[in-house]
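Read the structure below first, then the notes.
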Amino acid sequence: MLDLLTEYGSDTLRRHVLQARPLGRRTVFRRERLAAVRRELDENWNSWLARLFSSVREECGGRAPQALPGGTGWEILERRLRRGVDDLREAYGPDAFDPRRAVAVLDEMVRSVADFGHVNAHERCRPSTSCRHLPALAAQLAVASALSAWARPVMPEGADRLAAALHVEAGRPVDWHALTGPLPGSRLAPPSGPVFGF
């Protein structure tokens, strides 16, 4: 087990256990399944965060933008996230504990905000829409901040790494109030490697 922990990291192992765990039975650790978990984290979670941090560095000098969350599709994404938080709270709760559901909800949240980021990335290329992309960056930073709270029961190491990168409090409750980005103008400190897993 120690060799798997060294090779894949605690977040990858925890996520695998919670995602694949047959309720009431033992989890079998297979390298191909752990590799699939790592691919999910790298291709979706970490790639979105890397794009976000890169955009903030290029567009805002590495500081949180002076803008309120917004952008094309923000209201729709916000509604989805609100429903997702309710699902997460239920999945994490003692009455209906369902770790597989929690992982699926988190993955859907990340895919949704990544799609939102792709759609809004084109705004900065339009000459007549100066600074219209900054609200979308602020929105994505708010979601990243929320994920540092919402994902912590599943992947605490990466969640705390993300909170530190954004200069937000680690270990906040899993609720709607976590959807608050870093202070405008604050300098972000993205890690040099992946945020979740390694």
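- Closest approach of P182 and L188 over heavy atoms only: CG-CD2, 3.9 Å.
- For the ring-ring contact (aromatic ring centres under 6.0 Å, His included) test, no residue two or more places apart in sequence or in another chain qualifies with W150.
- Using a distance-only test at 3.5 Å, with no hydrogens or angles considered, a donor-acceptor pair links the side chain of D11 to the main chain of G158.
- R80 places no side-chain N or O within 3.5 Å of a backbone atom of E108 that could act as its donor or acceptor partner.
- Separating the CZ atom in F196 from the CG atom in L106 is a distance of 8.5 Å, to the nearest 0.5 Å.
- Using a 4.5 Å heavy-atom cutoff, the side chains of W45 and M155 are in contact.
- In this structure the side chain of M109 never reaches within 4.5 angstrom of the side chain of V143, judged on heavy atoms.
- With contacts defined as side-chain heavy-atom distances shorter than 4.5 Å, the pair R187/V56 does not qualify.
- Within the structure, side chain to side chain donor-acceptor pair (under 3.5 Å) pairs that include any residue of residues 166-176 comprise S145-R172, S148-R172 (at least two apart or interchain).
- Put simply, CG on L81 and CG on D87 are 11.5 Å apart, with the number rounded to the nearest 0.5 Å.
- Here Q140 contributes atom CD and F53 contributes atom CZ; the two are 11.0 Å apart, rounded to the nearest 0.5 Å.
- Between W74 and P69, some side-chain heavy-atom pair lies under the 4.5 Å cut-off.
- For the pairing with W48, the side-chain contact (heavy atoms from CB on, under 4.5 Å) check across L147, D115, V195 returns one residue only, L147.
- Considering only residues two or more places apart in sequence or on other chains, R152 meets the side-chain hydrogen bond (donor to acceptor under 3.5 Å, both in side chains) condition with D160.
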